Number of protein chains: 2
Amino acid sequence: MRSRIEDVAAAAGVSMKTVSRVLNHEPNVREETRDRVTRAVEQLQYKPNLSARSLAGQRSYVVALVYNNPSRNYLMEVQSGMLEACRANHYNLVLAPVGCGKQRTADDIKGLFEYFGPDGVVLIPPLTDDNVVLTYLEEHEVPFACIAPRNPEKRIGVMMEETAAVLELMAGLIALGHRRIGHIKGPRTHGACQWRYAGYREALRKAGIAYDTGLVTQGEFSFDSGISGANRLLDLAEPPTAIFAANDDMAAGVIRAAGERGLVVPRDLSVCGFDDTPIARHIYPALTTVRQPTSEMGRLATLELLERIRTPGAGRMVHVEPTLLFRESTRPPSGR
Amino acid sequence: MRSRIEDVAAAAGVSMKTVSRVLNHEPNVREETRDRVTRAVEQLQYKPNLSARSLAGQRSYVVALVYNNPSRNYLMEVQSGMLEACRANHYNLVLAPVGCGKQRTADDIKGLFEYFGPDGVVLIPPLTDDNVVLTYLEEHEVPFACIAPRNPEKRIGVMMEETAAVLELMAGLIALGHRRIGHIKGPRTHGACQWRYAGYREALRKAGIAYDTGLVTQGEFSFDSGISGANRLLDLAEPPTAIFAANDDMAAGVIRAAGERGLVVPRDLSVCGFDDTPIARHIYPALTTVRQPTSEMGRLATLELLERIRTPGAGRMVHVEPTLLFRESTRPPSGR
DNA sequence: CTGTTAGCGCGTTCAA
DNA sequence: TTGAACGCGCTAACAG
């Protein structure tokens, strides 16, 4: 039979409450008493019962990862980072996919709280900027942390300087001699894409290259939208010599589209992506891209969330660094 | 404030116990009483408290997905299927990564039960065939379901006729005219790879092609191991005209290795993979491969597990169908 | 600094 | 077919 807190109390010669205090790192316990309890806990291999703890303590010890429709890779990475942080803090992770559309979103988020009653949630793009979700959380005063939100100054969580990263990426392209650089944007609902687009424009401005609306087209993060975006750009009278896609999947689509037109990357066209997902390395030519420490971001966001859960108002927006990876898909323009 | 079972009882004019019976679909409740309770539940928007329920009922309403080191894609798919089944049955899903090595595995699995006390677990390859885990589960009489185990007849869960699928895939290759077909095996610990290898050999036998040990090499499911495996095969005095890799990542590696040697796929070399992960479609040329309904397999395995949790001895091994996808990476041999 | 008492919300036993 | 009383294992409020 499993040992209970009562057994530990008996073994240590103290009351249940004192054991509870030690386990929860509460103050007001003499050092020596604390030691005695700790030893008893180890001797009896005592593990607290989660359900009893939640029931009595009015907390679930659950944090939820709320998501909508991110790339599976991104989700997996964030999740594994969160899992790490949760385990380290004796929290449980619940996955909370929410449906699309305002009503479905509202229903699902409501269901999440009715059923699991998480102590807090982590939001990832594109849901980080979803008003239905944000409103619910704020009204119900639920602690939450965001990854890559559109308005970082109002939130806690994690962000990366995406604009700066793109600026550097674009500077690399420009240094290679490219002046007609196309851009395939990510979904409009995805806050971070604004930062990537901003970096694109800013880089052109800095280099004194005029912004050409025709060189920018809307994508939706999928491989197929990369193909169609590339086709639109390459159909131009004066096509770009380089294309920066807002994520790797679309960049892979660009490479495919180029190939189907008989263009060889990078000889005839340079291509950049964003995220450094596995495909970036597996595709030929390997993609020049920007690595986000996605898993680490999940971990850090969770840590900030737990801070806020423990003490209201605590927690902040932490920053992580991008890594630029110049690989095979970029080269000076051929000057065809 | 949230309504409790007591409120529902009052509203319906019955005792708590009767409400409990209705909620848990227990027998011995008059139809009319049941209706009254159901209506009260809806009116009060009553949701049972998970912690209280677990505490009193001595069950966690948790199933764990126990895994070791599968490809992230595979894991994600299984997970999403399991999540679906869990939600539909008011169960909670806990992710339980376990470390490598006998000791770590044992510790982690022990920790999982001490902490979460799941009512059952689902095992995925390569952990489905891990003796440390299996022994623990059997000794502690924990219900578990397996995905693609080596000994399906002894387990409940889900499997696919992998051998048959490979047989068909190979038959396709042979029909194209290939007679020297290489194979890059998956990790030895991965039970399913035995089935794939068996299919490879059986197909050759059926076609009257002599088995050549030199044409089979060991891989480990990674892109890089696909590259090195391909290099070993292509270095042969009489290299293969087609290579069947035991998964898509390795097949992608084969395409890369071929490219680096100046071979064009499929003109100079045909390539097949297994799994139909996203890369199969995104790579050029698109991979001929076998699709596993991975997410569905996760869902079905969970359903069987829940059966067994409810009634000991229940649950069975269900079968799902593979889908063959002949795409761009296969073609008749050129006869260089 | 420590202990006592009273629930948290539900399932279960046993009697009616 | 139904209900009353007890207890799951823990934390919170208060008393010492």
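Each chain gets a letter, A, B and so on, in the order the sequences are listed, and its residues count up from 1. Just so you know, these numbers come straight off a predicted model, no measurement behind them.
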Within a reach of under 6.0 Å around CZ of R104(A), are more than 12 heavy atoms found that belong to other residues, nucleotides or ligands?
-> no
Evaluate whether atom CD of E138(B) has more than 12 neighbouring non-hydrogen atoms of other residues, nucleotides or ligands under 6.0 angstrom away.
-> yes
Looking for any heavy atom pair under 4.0 Å, which part of the strands does T33(B) touch: base, sugar-phosphate only, or nothing?
-> sugar-phosphate
Taking protein heavy atoms under 4.0 Å as touching, what does nucleotides 6-16 of chain C look like 5' to 3' if B marks base contact, S marks sugar-phosphate-only contact and - marks none?
-> -BBBBSBB---
Overall bend - the helix from dC1(C)-dG16(D) to dA16(C)-dT1(D), comparing terminal axes fitted on five pairs, nearest 10 degrees = 30°
E114(A) versus Q45(B), side-chain donor and acceptor atoms under 3.5 Å | no
Strictly by modelled atom types, are N73(B) and E77(B) linked by a side-chain donor-acceptor pair under 3.5 Å?
-> no
Just by distance, do the side chain of S51(A) and the backbone of S54(B) share a donor-acceptor pair under 3.5 Å?
-> no
Please list, in 5' to 3' order, the outermost nucleotides of DNA chain D lying under 4.0 Å from any heavy atom of chain B.
-> dT1(D) to dG9(D)
Going by the angle between their ring planes, with limits at 30° and 60°, are Y61(B) and Y91(B) parallel, tilted or perpendicular?
-> tilted
Any idea how F221(A) and H190(A) line up, ring-wise: parallel (<30°), tilted (30 to 60°), or perpendicular (>60°)?
-> perpendicular
Is F144(A) close to R155(A) at the side-chain level, that is, under 4.5 Å between some pair of heavy atoms?
-> yes
Below 4.5 Å, heavy atoms only, C-beta onward: do L127(A) and D130(A) meet side chain to side chain?
-> yes
Is a salt bridge present between E26(B) and K17(B), judged by a nitrogen-to-oxygen distance below 4.0 Å?
-> yes
